[in-house]
> 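Have a look at the structure that comes next, please.
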There are 2 protein chains.
Amino acid sequence: MRADAKRNYDRLLAVADEVIAKQGADASLREIARQADVGMGTMHRHFATREALLEALLRSRLAVLTQAAITLAAGDHPGDGLISWFRDGVTFVQSYSGVVDLLADALADPNSALHASCTGLRSAGARLLARAQEVGAVRGDLDGTDLFALMGALGWINDQPSFSPRGDRLTNLIASALGSPATKRS
Amino acid sequence: MRADAKRNYDRLLAVADEVIAKQGADASLREIARQADVGMGTMHRHFATREALLEALLRSRLAVLTQAAITLAAGDHPGDGLISWFRDGVTFVQSYSGVVDLLADALADPNSALHASCTGLRSAGARLLARAQEVGAVRGDLDGTDLFALMGALGWINDQPSFSPRGDRLTNLIASALGSPATKRS
DNA sequence: ACCTGAACACCGTTCAAGT
DNA sequence: ACCTGAACACCGTTCAAGT
């Protein structure tokens, strides 16, 4: 990468982090380019889509969370591990406001720049979940995608100003529902 | 209301229902005006905001759901009533895709055209919840807003193509978690 | 190679002009 | 009273022209 290209790339990323942290994941890309003193074309080549930009912003944090699932799955207490990883996932999904919708879309869309990271995270989570289920710490009628759906749902709650104050309590509610046995009625 | 005004109003509403049913609550208002053969100014006077348009579309269904809560709260089985009302709420929130965000925003914003309907629905739900708690059918550490948050979260899940197939199962999971006692640990 | 910035097709809002 | 449609300030995408 040419030196000026590298410089533009870094500036864009730094400005994007600021703006998106303040305005959410649907912030204006034009505004980011403006603040980075970069033309619209430059913005577009470095980050062809909004997802590509967020992938770059989230990459390292996503990798950490994925690695954590792998480590916990190999550990001695997969039950406790799953619950604490679940909480970390809920926290992660709040990296920027509005990012939870982007991640859910990315899971469904193989062409999304975030798709691979999402499925990778899901597999790691699914393995940890399976271990927790073997130990009998978590109900058996759930899979990795269910886990994602619930983390996303709690992320959505935290994204709503009217609901975010109860985010922690409702996370507890759902986290403990994961552990309870599948009470089938009829 | 003048005859031509009334006609435009009705056309806008009919077209909006079609378009929003197909494209979601964030469909283009311009496109709706276009399909209704109406100028942009006309659109704007009849429905000053997107919320006003959705309020008109949802009004009657919202009233039905609110009335249901009142009826069930006066009934003999508030515990079962709450759970079934909770499910109805999750269904309602899917009236149109994307409407759940609008409703959550409306709860926080007193100026929203949907604000009154939302708070009205919440109060009715809160009364039903209180009755269910008196009977001991539902854990005590929840209020009407928590109920809304959970219904919204499940609506969010149903809005995501990757998650919607598990919407019913996760609704069951959460519905049964409402009934379980508050298991405090430590 | 990489960047710029104007052109394009959209959006929601506003408002002068018409009937 | 009510409607129209152009004007405005935005958006993301594309692309000819520059270095």
Side-chain angles (χ1 to χ4, degrees), chain A residues 1-57 96-99 101-102 105-106 109 111-114, chain B residues 1-57 96-99 101-102 105-106 109 111-114:
Chain A
M1 184 146 48
R2 231 167 60 175
D4 54 345
K6 164 80 173 148
R7 199 162 41 83
N8 280 334
Y9 181 90
D10 291 341
R11 289 187 65 131
L12 278 170
L13 222 48
V15 170
D17 176 53
E18 267 182 60
V19 173
I20 291 180
K22 198 172 302 173
Q23 314 201 8
D26 54 349
S28 160
L29 300 181
R30 219 186 182 93
E31 175 64 23
I32 293 172
R34 212 144 35 204
Q35 288 194 29
D37 274 314
V38 148
M40 279 304 291
T42 303
M43 174 63 153
H44 243 269
R45 177 148 15 75
H46 283 301
F47 305 104
T49 62
R50 183 181 298 277
E51 291 79 40
L53 177 57
L54 272 117
E55 195 274 332
L57 284 172
Y96 306 100
S97 104
V99 90
D101 297 83
L102 236 38
D105 288 351
D109 176 12
N111 295 328
S112 167
L114 277 162
Chain B
M1 185 147 48
R2 230 166 62 176
D4 55 346
K6 164 81 172 148
R7 197 164 41 83
N8 280 334
Y9 180 90
D10 291 341
R11 289 189 64 131
L12 278 170
L13 221 48
V15 170
D17 176 53
E18 266 182 60
V19 173
I20 291 180
K22 197 171 304 174
Q23 314 202 9
D26 55 350
S28 159
L29 301 181
R30 217 187 185 93
E31 176 63 23
I32 292 172
R34 211 147 32 206
Q35 288 195 27
D37 274 314
V38 148
M40 280 304 291
T42 302
M43 174 64 154
H44 242 268
R45 180 153 10 76
H46 283 302
F47 305 104
T49 62
R50 182 180 298 276
E51 290 80 42
L53 177 56
L54 272 118
E55 195 276 331
L57 285 173
Y96 305 100
S97 103
V99 90
D101 297 83
L102 236 37
D105 287 352
D109 176 13
N111 296 328
S112 167
L114 278 162

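What's counted below: heavy atoms across the whole structure, side chains too, no hydrogens, waters or symmetry copies. Lettering of chains follows the sequences in order, A, B, ..., and the numbering in each one begins at 1.
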> In residues 44-51 of chain A, what residues come within less than 4.0 Å of DNA chain C, judged by heavy atoms?
A:Arg45, A:His46
> Determine, step by step, whether B:Val38 and B:Val15 satisfy the side-chain contact (heavy atoms from CB on, under 4.5 Å) criterion, reporting the C-alpha distance in whole Å, the side-chain angles of both residues, the deciding distance to 0.1 Å, and the verdict.
CA-CA 11 Å; B:Val38 148; B:Val15 170; over 6 Å; no
> Among residues at least two apart in sequence or on other chains, which ones pass ring-ring contact (aromatic ring centres under 6.0 Å, His included) with A:Phe47?
A:Tyr9
> If you measure from the P atom in D:dA9 to the same atom in C:dA6, how many Å do you get, rounded?
16 Å
> Is any side-chain heavy atom of B:His46 closer than 4.5 Å to a side-chain heavy atom of B:Leu13?
no
> Mind checking what makes salt bridge (Lys or Arg N to Asp or Glu O under 4.0 Å) contact with A:Arg11, not counting sequence neighbours?
A:Asp37
> Heavy atoms, side chains only, cut-off 4.5 Å: are A:Tyr96 and A:Leu54 in contact?
yes
> Suppose we screen for salt bridge (Lys or Arg N to Asp or Glu O under 4.0 Å). Which residues come up paired with B:Asp109, at least two apart in sequence or across chains?
none
> Looking at residues at least two apart in the chain, or sitting in another chain, which of them share a salt bridge (Lys or Arg N to Asp or Glu O under 4.0 Å) with A:Asp10?
A:Lys6
> Want to know the stems of DNA chain D: at least 3 consecutive Watson-Crick or G-U pairs with distances under 3.5 Å, which are they?
C:4-8 with D:12-16, C:12-16 with D:4-8
> Do B:Ile20 and B:Val99 have side-chain heavy atoms sitting under 4.5 Å apart?
no
> Return the OG1 to CZ distance between A:Thr42 and A:Arg45, rounded to the nearest 0.5 Å.
5.5 Å
> Taking the nucleotide of DNA chain D with the nearest heavy atom to each, does A:Gly41 or B:Gly41 sit closer to the 5' end?
B:Gly41
> State which residues pass side-chain contact (heavy atoms from CB on, under 4.5 Å) with A:Arg34; sequence neighbours excluded, sorted by chain then number.
A:Arg30, A:Glu31
> With a 4.0 Å heavy-atom cut-off, tell me which residues in residues 6-34 of chain B come close to DNA chain D, sorted by residue number.
B:Asn8, B:Arg30
> State which residues pass salt bridge (Lys or Arg N to Asp or Glu O under 4.0 Å) with B:Glu55; sequence neighbours excluded, sorted by chain then number.
B:Arg59
> Can you list every salt bridge (charged side-chain N to carboxylate O under 4.0 Å, His left out) pair that touches residues 12-26 of chain A, not counting sequence neighbours?
none
> What are the 5'-most and 3'-most nucleotides of DNA chain D lying under 4.0 Å from any heavy atom of chain A?
D:dC11 to D:dC15
> Between B:Met40 and B:Arg2, name the one whose nearest nucleotide on DNA chain C is closer to the 5' end.
B:Met40
> Listing request: all ring pair (Phe, Tyr, Trp, His ring centres under 6.0 Å) pairs with a residue in residues 21-45 of chain A, at least two apart in sequence or in separate chains.
none
